[in-house]
Amino acid sequence: AASDVYKRQQKGWAKKWRANGWMRNAKDPALNPDLWEKLLDLLEKHEVTLVWVKGHAETVENNRCDCLAVAAANDKAHWLEDTGYDPAER
């Protein structure tokens, strides 16, 4: 969820996971390390401010993002292959 991305990035968890070989702790791997790696790389290249917005609060911008996300999810013709997905992680 987007709120998880915000929380984990703000607390620096993703950077710690990367430094620890994408392990959350001694036995648990971080989920979606390929996506976290891409996000961290982009955050290093660009000036970005992540702002948490309460979901389902009828915020105009949040509603617009939700519409775009739903439209993209439903547009299967343009889906990209998730090469980093590992069903064993579920």
Side-chain angles (χ1 to χ4, degrees):
S3 60
D4 291 335
V5 171
Y6 173 81
K7 178 176 63 177
R8 292 175 179 163
Q9 175 56 31
Q10 290 302 102
K11 293 186 180 223
W13 294 352
K15 287 181 181 179
K16 291 176 187 172
W17 296 340
R18 178 166 59 182
N20 291 327
W22 296 108
M23 295 298 291
R24 293 176 48 215
N25 53 46
K27 65 177 186 163
D28 299 318
L31 298 178
N32 302 308
D34 57 319
L35 301 179
W36 284 110
E37 183 74 47
K38 288 178 184 179
L39 176 62
L40 292 177
D41 289 346
L42 289 168
L43 292 174
E44 289 172 0
K45 293 177 185 174
H46 303 282
E47 185 175 331
V48 176
T49 302
L50 298 174
V51 177
W52 179 83
V53 177
K54 183 178 181 181
H56 309 287
E58 296 305 315
T59 306
V60 173
E61 295 87 351
N62 194 47
N63 288 346
R64 178 66 177 140
C65 290
D66 185 59
C67 287
L68 292 170
V70 169
N74 289 330
D75 186 10
K76 295 179 182 177
H78 292 98
W79 282 3
L80 300 175
E81 181 182 359
D82 185 355
T83 58
Y85 175 69
D86 181 359
E89 289 183 358
R90 299 307 280 160

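Just so it is clear, the model here is predicted, and its values are computed rather than measured.
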Open item on the list: Going by ring-ring contact (aromatic ring centres under 6.0 Å, His included), name the pairs with one or both residues in residues 23-46, residues two or more places apart or in two chains.
Closed with: W17-W36
Can I get a per-line list of side-chain donor-acceptor pairs under 3.5 Å for residues 72-81, giving both atom names and the distance, sequence neighbours left out?
residue	atom	partner	partner atom	Å
N74	ND2	V70	O	3.2
D75	OD1	H78	ND1	3.2
D75	OD2	H78	ND1	2.8
W79	NE1	A72	O	3.3
W79	NE1	A73	O	3.1

TODO: Please check if L42 and L35 belong to a single hydrophobic cluster, counting links between Ile, Leu, Val, Met, Phe, Trp and Tyr side chain heavy atoms closer than 4.5 Å.
DONE: no
Open item on the list: Please say yes or no: joined through hydrophobic side-chain contacts below 4.5 Å, possibly via intermediate residues, are M23 and W13 part of one cluster?
Closed with: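 Shared cluster, no.
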Open item on the list: How long is the straight-line distance from CG of N63 back to CG of L68, given to the nearest 0.5 Å?
Closed with: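 Here the interatomic distance stands at 11.0 Å.
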- [ ] Quick one: closest heavy-atom pair of N25 and D28, and the distance?
- [x] OD1-N, 2.8 Å
TODO: Sequence neighbours left out, what pairs pass salt bridge (Lys or Arg N to Asp or Glu O under 4.0 Å) with at least one residue falling in residues 46-69?
DONE: none
Task: Residue pairs, two or more places apart or on separate chains, that pass salt bridge (Lys or Arg N to Asp or Glu O under 4.0 Å) and touch residues 29-45 - done: R18-E37, R18-D41, R18-E44
Task: Which residues share a salt bridge (charged side-chain N to carboxylate O under 4.0 Å, His left out) with R24, sequence neighbours left out - done: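 In terms of salt bridge (charged side-chain N to carboxylate O under 4.0 Å, His left out), with neighbours along the sequence ignored, R24 is linked to no residue.
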